[in-house]
Amino acid sequence: MKKILKTAAVLSVLIVAISACQQQGDVSKMLENEESRNQLYETIISDNEHSKQLMQAMMEDDHTLMMMKDNGELMSMMMSNNENMMGMMKDNPEMTQGMMSNMMSMAESDSSVCKHMISLMKDRPNVMGQMMDMMHNEGMMDKETMMRNREKMGIENHGDHH
């Protein structure tokens with residue numbers, strides 16, 4: 001009886017392995033054909049859950065990340081379409097937070113990136129003012145220093161609402 005069970009188990013594993021190899025061959029054949037490959041792309045892109053899974057898989061793949069990072073044209077194209085990028089960021093706050101966290105890490109490790117971020121902040125006094133308000137509220141900056149910095153930067157003081 002044990003011999004029959006072992007034989008059945010080995011045969012089951014072989015059948016599964018053979019069918020898995022056959023499916024891989026089918027997928028490769030499907031991807032070779034331009035029409036079926038484009039149908040596959042369209043199916044994934046048009047399905048919200050599938051497209052999220054694809055993006056997640058791409059973000060977790062080192063090869064894909066390096067390819068995107070090395071392709072300045074692709075990155076410029078993605079970033080230049082500001083409406084789409086802003087829409088994605090509003091629709092996915094986790095992605096926005098991740099991007100901001102990555103930018104902060106880059107600034108922390110690269111002084112030129114840090115200087116550029118500081119320059120961007122200087123050009124946006126309202127954002128800088130909000131940051132100073134937050135620092136004051138968190139006890140990181142006293143009120144006099146905050147008021148003095150706001151004055152130096154030409155940021156309106158919003159009265160005594162703190």
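Atom set for the values below is all heavy atoms of this structure, side chains included, hydrogens, waters and symmetry mates excluded. Everything numeric here is computed off the predicted structure, so don't read it as measured data.
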I'd like to know if the side chain of H136 and the backbone of M146 have a donor-acceptor N/O pair within less than 3.5 Å. no
Partners of Q56 by side chain to side chain donor-acceptor pair (under 3.5 Å), sequence neighbours excluded? E60
Could you list the residues that satisfy side chain to side chain donor-acceptor pair (under 3.5 Å) with D142, not counting sequence neighbours? T145
Considering residues at least two apart in sequence or located in another chain, which fulfil the side-chain contact (heavy atoms from CB on, under 4.5 Å) criterion with E138? M134, M140
Under the side chain to side chain donor-acceptor pair (under 3.5 Å) definition, can you give me all pairs with a residue in residues 112-121, not counting sequence neighbours? D110-S112
Contact check, side chains of N92 and Q97, non-hydrogen atoms, under 4.5 Å: no
Pairs touching residues 36-48 that satisfy side chain to side chain donor-acceptor pair (under 3.5 Å), sequence neighbours left out: D47-H50
According to a 4.5 Å side-chain heavy-atom criterion applied to Ile, Leu, Val, Met, Phe, Trp and Tyr, with indirect links allowed, do M132 and V127 form part of one hydrophobic cluster? yes
To the nearest 0.5 Å, tell me how far M131 CE sits from R124 CZ. 12.0 Å
What distance separates M147 CE from E144 CD, expressed to the nearest 0.5 Å? 9.0 Å
Please tabulate, for the side chains in residues 98-107, all donor-acceptor contacts under 3.5 angstrom to protein atoms that are two or more places apart in sequence or on a different chain.
{"from": "N102", "atom 1": "ND2", "to": "G98", "atom 2": "O", "distance (Å)": "3.4"}
{"from": "S105", "atom 1": "OG", "to": "S101", "atom 2": "O", "distance (Å)": "3.2"}

Please say which of M141, M135, M128 ends up in a side-chain contact (heavy atoms from CB on, under 4.5 Å) with N149. M141
